[in-house]
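Take a look at the structure below.
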Amino acid sequence: MSDAEILFDVKDGLGLITLSRPKALNALTHGMILELEKVLPGWEKDAAIKAVVLRGAGERAFCAGGDVIGLYREMRDNPSGTLRRDFFRDEYIVNRRIYRFAKPWISLIDGIDMGGGVGLSAHGSHSVASEKFLFAMPETTIGLFPDVGGGYFLTRLAGALGTFLALTSHRLKAADALWAGIVDAHVASADMNDLQAALGAADLSGPDADRKVDRVIARFAKDPGMPTLPTLMLDVDRCFSADSVAEIVARLKAYPGEWAQKQLAALMKLSPLSMSITLEQLKRCANRSFEDTMTIEYRMAQSAMRPDHDFFEGVRALLIDKDQKPKWNPPTIEGVTRDMVEAHFKPVANDLFFD
Ligand code: QUE
């Protein structure tokens, strides 16, 4: 019996973590983030733990993102609260811990993996996706930007794929995520428990631990079928490799075929400010270290926590009132000034730096 939102267990030499808010699609709360940062440093040093396995409770999700509803409620009900300052800081510290983790970090992703969930999986050494896997970085939908290290992994994908995923919130299933390099293998949902048991039974010692994990996963891996991205990449690169949101919109308008017009219609619903800061984020984070990226994203997140920012309007319209009609400010791409974008990249009083 437990009402904990996150469960920790050590079994067969594995550190097992279960995200356990199934009714909220295991969306990450500040409490879950603090628990992770409390446990992980010890696990990293503990000789009895050879690897970490991360999973989500319930049938639907690995992790749908950060608990943005909690942030919205604090903004509305407790303007002087500290959650908005601390949530992103502590989340990004965990993202960085996973990126630098000294042992295999294996996410068994058997459902929705979006936003904050991607921050817990993509920076680890191994991500395994089932047929229920569904990936997206959907933050521009709610007036935010693809954080949790989006600036790091999205800028390392092929061509303009990262920009496309960041701006459109395009969803990927296992075959496409495997093709893109966002996950490492496809394993059937029904085989996930057996894979975990095999990892527990395996020798994962020594400097070659990651390769040993590869070999265990390979015993369970299946062909996820044909990816759709290879045929899409020509269009993605031609339309999304532009320097500005206005130029991407212009290219989509001029591009023949149904696909481009569909992307255009999708972009027209999103926060113009979100799209502009996201493109700037990707430009600034390309070829930067993980730590530099998190410093940049923390500055951006603090800008987005102002009560009049599109972020709170987006959460209100999509997740609280569910009217699906956010009133973006400014309402058009032409209305976004250079100063509005630059303001998201200025140092903040409690800047996040790593040593
Ligand atoms: C964009 C997002 C998120 C989102 C929807 C978006 C996000 C997030 C959730 C979410 C989903 C279900 C829940 C919950 C939160 O939705 O980050 O608490 O029960 O966490 O369009 O970025």
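The figures that follow rest on heavy atoms only: side chains count, while hydrogens, waters and symmetry mates do not. First listed ligand is number 1; within each ligand, the first listed atom is number 1. Residues: numbered from 1 along the sequence shown.
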Exercise. What protein heavy atom is closest to atom 1 (C) of ligand 1, reported as residue, atom name and distance in Å?
Worked result: P138 O, 3.3 Å

Exercise. Which of parallel (below 30°), tilted (30 to 60°) and perpendicular (above 60°) describes F101 and W105?
Worked result: perpendicular

For this session: Anything under 30° is parallel, anything over 60° is perpendicular, the rest tilted; go ahead and classify Y99 against H123.
Result: perpendicular

For this session: Consider ligand 1: state whether an atom of it lies below 4.0 angstrom from any non-hydrogen atom of L318.
Result: no

Using atom types as modelled, flag every donor-acceptor pair under 3.5 Å from a side chain in residues 179-187 to any protein atom, sequence neighbours excluded.
{"unit_1": "D184", "atom_1": "OD2", "unit_2": "S127", "atom_2": "N", "d": "2.7"}
{"unit_1": "H186", "atom_1": "ND1", "unit_2": "A129", "atom_2": "O", "d": "2.9"}

Exercise. Nearest protein heavy atom to atom 4 (C) of ligand 1, by residue and atom, and its distance?
Worked result: L319 CD1, 4.0 Å

For this session: Considering only NZ, NE, NH1 and NH2 on the basic side and carboxylate oxygens on the acidic side, decide whether K222 and D191 come within less than 4.0 Å.
Result: yes

Seminar exercise, completed: One finds that the ligand 1 atoms under 4.0 Å from a non-hydrogen atom of A27 are 14 (C), 15 (C), 18 (O)

Exercise. Any idea which atoms of ligand 1 are less than 4.0 Å away from a heavy-atom of T141?
Worked result: 21 (O)

For this session: For the pair R97 and E44, find out whether any cationic side-chain nitrogen is under 4.0 Å from an anionic carboxylate oxygen.
Result: yes

Problem set entry | From I142, V118, V148 - option closest to atom 2 (C) of ligand 1 by heavy atom | I142

Seminar exercise, completed: Of all protein heavy atoms, the one nearest atom 7 (C) of ligand 1 is A64 O, 3.8 Å

Exercise. Does ligand 1 have any atom sitting under 4.0 Å from a heavy atom of G66?
Worked result: yes

Seminar exercise, completed: The residue among D147, N350, D351 that forms side-chain hydrogen bond (donor to acceptor under 3.5 Å, both in side chains) with Y298 is N350

Exercise. Considering only the protein, which heavy-atom contact is closest to atom 13 (C) of ligand 1, and what is its distance?
Worked result: A24 O, 3.5 Å

For this session: Take the angle between the ring planes of H170 and F164 and call it parallel below 30°, perpendicular above 60°, tilted in between.
Result: tilted

